[in-house]
Amino acid sequence: MNELRQIMADTVEKLFSDQVTKNSREQAEVAIFPDELLQAITENGLLHVLVPENMGGVSGQFADAEVIARAVGRHAVPLPIVEQILANYLLASAGITPPEGITVFAPVRDGEAIQLKDGKVTGTATRIPWGRKASHVAVITDDGIALVKAGDYTLTENQNIAAEPRDTIDFENASPVESGELPARMTAQSAFALGAMMRSSQMAGAIEWILEASVQYANDRVQFGRALGKFQAIQQNMAEMAGHSAASGAAALGAFQAADMALNNDINSTFEIAAAKTRISEAAGVVTSHAHQIHGAIGFTYEHDLHFRTRRLWSWRDEFGSDSYWADWIGGHVLELEADDLWPWLTTRPT
């Protein structure tokens, strides 16, 4: 871990441990937004970790942002942090200085299209994370990226099962504040993949917390005269959870490292991102099932913190592409390579 990464890790851990509480998570679910926490995160430069210094950023790498994203998932932070990090990165990549306030990223999914024609943005973007809280939305268009100010589009509120905002935005001849072209190798698909990469790290962080909480509960809870953790069936479940947690963390970090290498090498990091999202989404199903079996009924109640992570995992595994979506992508990519090219392609990728 380099110096910047260590600083980021120490900063987010202290900040989230001190200020992200069970009460703040509950309040966020009834639309009480943690403005003070967001202000502290902003002042620490976390939202501009991927923005160049000449635009007021930190000039960090994707692997630096991974430390933040994983901590967001581990602490179930009820804020659009990774969404802002990604939006600011995409804007900066197009030469647009990220504005003040909350800017979220509106991904373009299969079957959706946002057009920028004659200086106007038109189209519909669905399930936008924290759309209602945004002062600006960065949306990928058929011609690059556009920054649209809140109030210049129509928003319909919705949410996921973790009570996080997932809104629909209709752009009807909206005039963007700014627009620009993305780098030559960046497309709507690769931007969507970066969202999947961010979600993967959040999920890995949530899985880490669930494993630790489950081990602690199993050692503390006494049933039939001995701790739950002494029962072989529980031990087997926790061992399986530990394996999934380790694999998830490695897969997430590998995706971020691949994204960094792709900036300076002629490779496409989408394969590593697809593998990470597929693997971690699979792990989420197993880990949440075992965790709720170990905790029993209390894990579903608001008396306990477990459900704040499990509900997020159940939601996040389908966001920015489900495991089946990315598994299909991997399968299609492998078929395109054909037998003679698959092994050379695998063995010559930078590591």
Side-chain angles (χ1 to χ4, degrees), residues 8 11-12 15 33-60 62 64-65 68-69 72 77-108 114-125 127-155 157 164-183 186 188 190-192 194-195 198:
M8 289 288 179
T11 299
V12 294
L15 188 60
F33 196 69
D35 292 295
E36 292 185 6
L37 175 59
L38 180 60
Q39 182 62 31
I41 291 168
T42 303
E43 290 173 354
N44 278 281
L46 303 180
L47 304 180
H48 290 73
V49 61
L50 299 178
V51 175
E53 290 184 13
N54 61 359
M55 290 184 177
V58 180
S59 291
F62 281 117
D64 301 318
I68 302 171
V72 170
V77 182
L79 281 170
I81 297 175
V82 301
E83 291 82 2
Q84 292 187 82
I85 290 174
L86 183 53
N88 290 339
Y89 168 73
L90 292 171
L91 289 170
S93 297
I96 301 172
T97 300
E100 294 184 2
I102 299 175
T103 302
V104 298
F105 168 52
V108 177
I114 308 296
Q115 295 183 336
L116 177 61
K117 186 177 181 181
D118 299 328
K120 301 291 185 179
V121 178
T122 303
T124 300
R127 300 197 65 77
I128 306 306
W130 302 90
R132 74 195 68 166
K133 296 297 182 182
S135 56
H136 294 83
V137 173
V139 57
I140 303 295
T141 71
D142 56 353
D143 198 34
I145 188 169
L147 180 65
V148 184
K149 188 176 181 180
D152 291 342
Y153 49 75
T154 302
L155 184 142
E157 295 187 359
E164 295 177 309
R166 296 294 184 264
D167 305 322
T168 296
I169 294 179
D170 290 308
F171 301 97
E172 299 177 2
N173 293 319
S175 299
V177 177
E178 288 188 74
S179 61
E181 295 183 3
L182 292 168
M186 187 175 292
S190 61
F192 185 74
L194 290 178
M198 290 289 188

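The structure displayed is predicted, hence computed values, not measured ones.
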Point to revise | CE-CD distance between M186 and E181, expressed to the nearest 0.5 angstrom | key: 13.0 Å

Review point. Sequence neighbours excluded, which residues qualify as ring-ring contact (aromatic ring centres under 6.0 Å, His included) partners of F192?
Key: F320, Y325

Check your understanding: What is the minimum heavy-atom distance between M55 and P98, and which atoms define it?
Key -> SD-CD, 4.4 Å

Check your understanding: Taking the six-membered ring for Trp, are the ring centroids of Y89 and F105 within less than 6.0 Å of each other?
Key -> no

Point to revise | Check: D170 main-chain N/O paired with T124 side-chain donor or acceptor under 3.5 Å | key: no

Point to revise | Passing candidate, side-chain contact (heavy atoms from CB on, under 4.5 Å) with I81, options L86, I68, L37 | key: I68

Point to revise | Min side-chain heavy-atom separation L79-F33 under 4.5 Å | key: yes

Review point. Taking the side chain from S59 and the backbone from E53, do they hold a donor-acceptor pair closer than 3.5 Å?
Key: yes

Study note, to complete from the structure: The reported gap from CZ in R127 to CD in E164 (rounded to nearest 0.5 angstrom) is 10.0 Å

Practice item. Determine the sole option in L116, V137, I96 for which the side-chain contact (heavy atoms from CB on, under 4.5 Å) test with P176 is passed. Key: L116

**Study point:** Neighbour count above 12 (heavy atom, 6.0 Å) for D118 CG
**Key:** no

Review point. Under 4.5 Å between any side-chain heavy atoms of V58 and M8, yes or no?
Key: yes

Review point. Can you name the nearest heavy-atom pair linking G144 to L182, along with the distance?
Key: O-CD1, 4.1 Å

Review point. For the side chain of N88 and the backbone of L47, is there at least one donor-acceptor N/O pair under 3.5 Å apart?
Key: yes

Check your understanding: Can you name the side-chain hydrogen bond (donor to acceptor under 3.5 Å, both in side chains) partners of K120, sequence neighbours left out?
Key -> S175

**Study point:** Set of residues satisfying side-chain hydrogen bond (donor to acceptor under 3.5 Å, both in side chains) with respect to D167, sequence neighbours excluded
**Key:** R132

Practice item. Check A92 against P52 and note the closest heavy-atom contact, atom names and distance. Key: CB-CD, 3.7 Å

Check your understanding: So do the side chains of S93 and P183 get within less than 4.5 Å of each other, counting heavy atoms only?
Key -> yes

Practice item. Specify the closest pair of heavy atoms between T103 and A87, including all atoms of both residues, with the distance to one decimal. Key: O-CB, 3.6 Å

Check your understanding: So L38 and K133, side chain to side chain contact (heavy atoms under 4.5 Å, CB included) or not? Walk me through it.
Key -> CA-CA 12 Å; L38 180 60; K133 296 297 182 182; over 6 Å; no

Study note, to complete from the structure: Between L50 and G60 the two heavy atoms that sit nearest each other are CD2-O, 3.8 Å

Check your understanding: Rounded to the nearest 0.5 Å, how far apart are CG of L194 and CD1 of I85?
Key -> 12.5 Å

**Study point:** Inter-residue atom distance I114.CD1 - I140.CD1, 0.5 Å rounding
**Key:** 10.5 Å

Review point. Can you find a pair of side-chain heavy atoms, one from P99 and one from L91, that are under 4.5 Å apart?
Key: yes

Exercise for review: Starting at CD1 of I102, measure out to OG1 of T42 and round the result to the nearest 0.5 Å.
Suggested key: 8.0 Å

Exercise for review: Any chance you could measure T122, atom OG1, to D142, atom CG, to the nearest 0.5 Å?
Suggested key: 9.5 Å

Exercise for review: Kindly give the heavy-atom pair with the smallest separation between A65 and M198, and that separation in Å.
Suggested key: CB-CE, 4.3 Å

